[in-house]
Amino acid sequence: MPRDALSDLLRTVRLTGATFFNVAAAEPWVVEQPPPEFVLPKILPGAERLIAYHVVTEGRCFATVIGEEPIGLEQGEVIVITRGDPHVMSSGPGMRASPVAREAIETVSAGPLPFYAKYGSEGGGPCAKLVCGFLACDARPFNPLVENLPRVIKARSAPNDPDSWLAQFIRVAVMESADRRAGSESVLAKLSELMFIEVVRRYLEAMPPEQAGWLAGLRDPFVGKALSLLHAMPAHDWTIEELGRKVGLSRSVLAERFSDLLGMPPMQYLAMWRMQLAAKMLSEGSANIASIADRIGYESEAAFSRAFKKLVGVAPSAWRRRSTVSSQLQSGSRTISSQPGR
């Protein structure tokens, strides 16, 4: 049965949302994100990729990735910084602030959530309100989604469609943040994950036809079907000939089309995807290595171990030990939101 490759990937790379923080600001104001290494351990210990987002619920402002041009934002718009790049949120372009210190993050994490922040002076210029937060996910051993997203994605809830998903997200996020009902922290964290998926889907739908990459492969009718089949049956003894027959292309045409879009041939993709699945199983459960090898299509533990070390850089046992330490850290950690820099 065909598989939803995007959902499959998001499950496997541990996409995890953090609780929101709310910002109310009066002009002039500026805040600057703390370094990712300060924030990631508070969201998902052991994760490599930080994703930051800001939703403008009232007014307007600017988002600026350090070294890039400012991006104007208005009410109803969301910006996602997909690689956690240092960035500034401000009332005007060209403004800078000092990133928040690690000690301030620790103070915020010890208090009630979501965290509220006010910037600017009482009686200042026009106000802006934002709902902000972070997501984290694994980047290794194989996450083709985050590597193929642009560094910044901007999306907007349609003014003429109050029932659009992003418009609903903004309403619910504001309500949950204000009411602080039991379970709000978990609701807001899950909302951030859903918001990210919706933004990715909108980006996928708007991509130009000539664009390459993993998401472009999902959209292609033949490569997308091939990806669905590989994700549905990763342990199957696939050949390029069989895969081509099932998607309706010759062996050579499928191989060329797949490589043009994804930058690698189908069987290499399958090998990398198997390693991602194995890494997840090693991290989450107590299944022995021989069982994991069998579940992803390797005839022996030795063959799997060699392939894993070649593609990932460490042996399966070493990966499991590292993941166990990260899980222990996570069990003592609280999913939090972080105050932006002052």
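Taking Tyr269 as the reference, Phe142, Pro144, Trp214, Leu227, Leu230, His231, Phe258, Leu262, Met264, Trp273 meet the side chain to side chain contact (heavy atoms under 4.5 Å, CB included) condition, with sequence neighbours excluded. For Glu242, the side-chain hydrogen bond (donor to acceptor under 3.5 Å, both in side chains) partners two or more places apart in sequence, or in a different chain, are His236. With sequence neighbours excluded, the residues satisfying salt bridge (charged side-chain N to carboxylate O under 4.0 Å, His left out) with Arg60 are Glu74.
For Glu147 and Arg49, the salt-bridge test passes: some basic side-chain N is under 4.0 Å from an acidic carboxylate O. Ionic pairing of Glu198 and Arg202 is present here: one or more N-O contacts between side-chain nitrogen and carboxylate oxygen are shorter than 4.0 angstrom.
Residues Val13 and Gln276 come closest through the heavy atom pair CG1-NE2, 4.0 Å. Ile296 approaches Arg274 most closely through the heavy-atom pair O-NE, 2.9 Å. Residue Val312 comes nearest to Pro141 through the heavy atom pair CG2-CB, 3.6 Å, listed as atom of the first residue, atom of the second, then distance. Here the closest heavy-atom approach between residue Ile51 and residue Thr82 is recorded as CG1-O, 3.4 Å. Scanning both residues, Ala303 and Ser300, for their nearest heavy atoms gives N-OG, 3.0 Å. In terms of heavy-atom proximity, Thr12 sits nearest to Asp8 at OG1-O, 2.8 Å.
When atom types are taken as modelled, the side chain of Arg151 and the backbone of Arg83 share no donor-acceptor pair closer than 3.5 angstrom. Judged purely by atom type and a 3.5 angstrom limit, Lys246 has no side-chain atom pairing as donor or acceptor with the backbone of Lys225. Using modelled atom types, no side-chain atom of Glu58 and backbone atom of Lys129 make a donor-acceptor pair closer than 3.5 Å. A donor-acceptor pair under 3.5 Å links the side-chain atoms of Arg156 to the main chain of Gln75, judged by distance alone.
The local environment of CZ in Arg219 is crowded, with over 12 non-hydrogen atoms from other residues, nucleotides or ligands closer than 6.0 Å. The number of heavy-atom neighbours closer than 6.0 Å to CD of Glu241, taken from other residues, nucleotides and ligands shown, is above 12. Heavy-atom contacts from other residues, nucleotides or ligands closer than 6.0 Å to CD of Glu37 number more than 12.
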Before you tell me yes or no, could you show the steps for Arg295 and Leu277 under side chain to side chain contact (heavy atoms under 4.5 Å, CB included), namely the whole-Å CA-CA distance, both residues' side-chain angles and the distance that decides it to 0.1 Å?
CA-CA 9 Å; Arg295 288 168 64 182; Leu277 293 173; over 6 Å; no
Using the side chain to side chain contact (heavy atoms under 4.5 Å, CB included) rule, take Leu215 and Val200 through it: C-alpha gap first, then chi angles, then the decisive distance, then the call.
CA-CA 9 Å; Leu215 285 168; Val200 169; 4.2 Å; yes
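Note: the hydrophobic cluster containing Tyr53 also contains Tyr203 (ILVMFWY, side chain heavy atoms under 4.5 Å, direct or indirect links). Under the 4.5 Å side-chain heavy-atom criterion for Ile, Leu, Val, Met, Phe, Trp and Tyr, Leu204 and Val146 are members of distinct hydrophobic clusters. At a threshold of 4.5 Å between side-chain heavy atoms, the hydrophobic network of Ile, Leu, Val, Met, Phe, Trp and Tyr places Leu270 and Tyr298 in one connected group. Both Val199 and Leu149 sit in one connected hydrophobic cluster of ILVMFWY residues. Membership requires side-chain heavy atoms under 4.5 Å apart, directly or through other members. A single hydrophobic cluster is seen to contain both Ile289 and Met281, as judged by linkage of ILVMFWY side chains at heavy-atom distances under 4.5 Å, directly or through other members.
You'll find the side chain of Gln33 stays beyond 4.5 Å of the side chain of Pro86, heavy atoms only. With contacts defined as side-chain heavy-atom distances shorter than 4.5 Å, the pair Arg251/Thr239 does not qualify. Here the side chains of Cys61 and Leu73 are in contact, with some heavy-atom distance below 4.5 Å. In this structure the side chain of Phe308 reaches within 4.5 angstrom of the side chain of Leu282, judged on heavy atoms. Residues Phe134 and Ser192 form no side-chain contact, since every pair of their non-hydrogen atoms from C-beta on lies 4.5 Å or further apart. Counting heavy atoms from C-beta outward, Ile240 and Pro265 have side chains that stay 4.5 Å or more apart. Under the 4.5 Å side-chain criterion, counting only non-hydrogen atoms from C-beta, Ile292 is not in contact with Pro316. Counting heavy atoms from C-beta outward, Trp238 and Leu229 have side chains that approach closer than 4.5 Å.
Rounding to the nearest 0.5 Å places OG1 of Thr64 at 8.5 Å from CE of Met89. The distance from atom CZ of Arg140 to atom CD of Glu48, rounded to the nearest 0.5 Å, is 6.5 Å. The distance from atom CD1 of Ile79 to atom SG of Cys132, rounded to the nearest 0.5 Å, is 11.0 Å. Expressed to the nearest 0.5 Å, how far NE2 of His87 lies from CD1 of Ile66 amounts to 9.0 Å. With rounding to the nearest 0.5 angstrom, the CZ atom of Phe169 is 8.5 Å from the CG atom of Leu188. Separation of atoms CG (Leu40) and OG1 (Thr16) is listed at 11.0 Å; rounding is to 0.5 Å.
Because its NZ or CZ atom is not both nearer than 6.0 Å to the ring centre of Phe222 and within 45° of the ring axis, Arg257 does not count as a cation-pi partner of that residue.
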